[in-house]
Asker: 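Pasting in a structure now, in structure tokens, and then I'll have a few things to ask.
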Amino acid sequence: MSEDFETKYFTPSEVELHNAAEDCWVSWLGYVYNLTSLVADKKEDPLAAPILRNAGKDISHWFDKSNGELRTQINPLTNCLAPYTPEGPFFHVPPLFPTSSWAGVNDSDSNVPWWMDKERYCIGRLSQKTRKMRIINTLTQDEHVVEVASEESLSAIQERYMALNAHAKGYMWKRLGQLLDMSQTLDQNGIKDDTMHFQRVGMDEEKHLPAIHLYFSDDLTVA
């Protein structure tokens with residue numbers, strides 16, 4: 001688990017990209033988890049199937065949001081309270097009937113089931129609202145549209161943008177000529193999200209995305 005998992009945000013689109021046994025992310029109850037180490041070496045195991053079918057997806061409906069545990073039901077075969085697993089049992093879910101073949105959580109070096117092991121698997125938060133921005137490099141005239149999490153700071157957005165411009169930290173970030181506070185979010189910097197407004201009036205948001213301009217720090221012509 002990353003040390004900054006409480007402040008690191010991922011968009012649903014980012015999670016969707018990790019949809020294979022060798023690269024398996026899922027999200028639930030507002031957090032993103034990397035389960036690759038859980039399933040990569042056991043992808044042929046039937047207990048891995050429900051997880052792999054949902055790789056890259058949100059599985060919050062599997063869990064009780066009040067305590068993070070699996071949802072439960074009265075099983076019709078045993079008439080007892082049992083985990084609710086409509087897609088079939090998966091790792092660390094106890095069987096309906098006693099069996100010597102069930103290893104529980106003893107098949108790993110953890111003492112808790114994987115869905116409660118945030119320390120091992122959690123890598124960040126799932127953004128509850130994403131938005132798109134135009135980032136324009138005034139030195140090179142390059143322009144990119146990036147999808148970001150509305151909850152993250154401009155510093156985090158800068159980290160995202162470094163995949164497109166490795167020297168992004170060598171620029172001043174401005175909006176309408178005003179230097180932006182990199183420790184604050186877009187909204188806190190006064191860059192409002194007008195998505196709902198454009199939807200109400202039937203306008204294409206993609207044609208009216210707000211822009212951030214980057215000025216190279218050594219550029220003496222910066223206004």
Asker: So do N54 and E87 actually touch side chain to side chain, heavy atoms under 4.5 Å?
Answerer: yes
Asker: Would you please indicate yes or no on a ring centroid separation below 6.0 angstrom for F10 and W25?
Answerer: yes
Asker: Rounded to the nearest 0.5 Å, how far does CE of M116 lie from NZ of K118?
Answerer: 9.0 Å
Asker: Salt-bridge test for D117 and R120: reply yes if a basic N is under 4.0 Å from a carboxylate O, no otherwise.
Answerer: yes
Asker: Hey, what do you get for CG (L139) to NE2 (H167), rounding to the nearest 0.5 Å?
Answerer: 11.0 Å
Asker: In this structure, are over 12 heavy atoms from other groups packed under 6.0 Å from Q141 atom CD?
Answerer: yes
Asker: Among residues at least two apart in sequence or on other chains, which ones pass ring-ring contact (aromatic ring centres under 6.0 Å, His included) with Y31?
Answerer: none
Asker: Is it true that E159 and K8 have a side-chain N and a carboxylate O under 4.0 angstrom from each other?
Answerer: no
Asker: For the atom pair CD (E143) and CZ (R134), what is the distance rounded to the nearest 0.5 Å?
Answerer: 5.0 Å
Asker: CG of D41: more than 12 outside heavy atoms within 6.0 angstrom?
Answerer: no
Asker: Kindly say whether D181 contributes a backbone atom to a donor-acceptor pair with the side chain of Q184 at under 3.5 angstrom?
Answerer: no
Asker: Looking at side-chain heavy atoms only, is the closest gap between I212 and L154 below 4.5 Å?
Answerer: yes
Asker: Look only at the side chain of E69 and the backbone of D64, and say whether a donor-acceptor pair between them is shorter than 3.5 Å.
Answerer: no
Asker: Between Y33 and W28, does the ring-ring contact (aromatic ring centres under 6.0 Å, His included) criterion hold? Intermediate values first, please.
Answerer: CA-CA 8 Å; Y33 298 78; W28 71 86; 3.6 Å; yes
Asker: Check whether more than 12 heavy atoms from other residues, nucleotides or ligands sit under 6.0 Å from atom CG of N67, and answer yes or no.
Answerer: yes
Asker: State, without any angle test, whether D187 and T185 hold a side-chain donor-acceptor pair at a distance under 3.5 Å.
Answerer: no
Asker: Does a salt bridge link R160 with E152, judged by any charged N lying under 4.0 Å from a carboxylate O?
Answerer: yes
Asker: NZ of K169 to CD of Q158: how many Å apart, nearest 0.5 Å?
Answerer: 6.0 Å
Asker: Salt bridge check, E147 against R131: does any charged N sit closer than 4.0 Å to a carboxylate O?
Answerer: no
Asker: First locate atom CH2 of W173, then atom OH of Y161, and finally report the distance between them rounded to the nearest 0.5 Å.
Answerer: 7.0 Å
Asker: Count the heavy atoms of every other residue, nucleotide or ligand shown that sit under 6.0 Å from NZ of K129, and state whether that count exceeds 12.
Answerer: yes
Asker: Can you tell if the side chain of L52 reaches within under 4.5 Å of the side chain of V39, non-hydrogen atoms only?
Answerer: yes
Asker: Between F216 and Y171 (judged by ring centroids, cut-off 6.0 Å), do the two rings come close enough to count as a pair?
Answerer: yes
Asker: Apply side-chain contact (heavy atoms from CB on, under 4.5 Å) to L38 and I51, showing your working.
Answerer: CA-CA 10 Å; L38 178 70; I51 297 172; 3.9 Å; yes
Asker: Calculate, to the nearest 0.5 Å, the distance between atoms CG and CH2 belonging to L70 and W115 respectively.
Answerer: 4.5 Å
Asker: Decide if the gap between the ring center of W114 and the ring center of F90 is smaller than 6.0 angstrom.
Answerer: yes
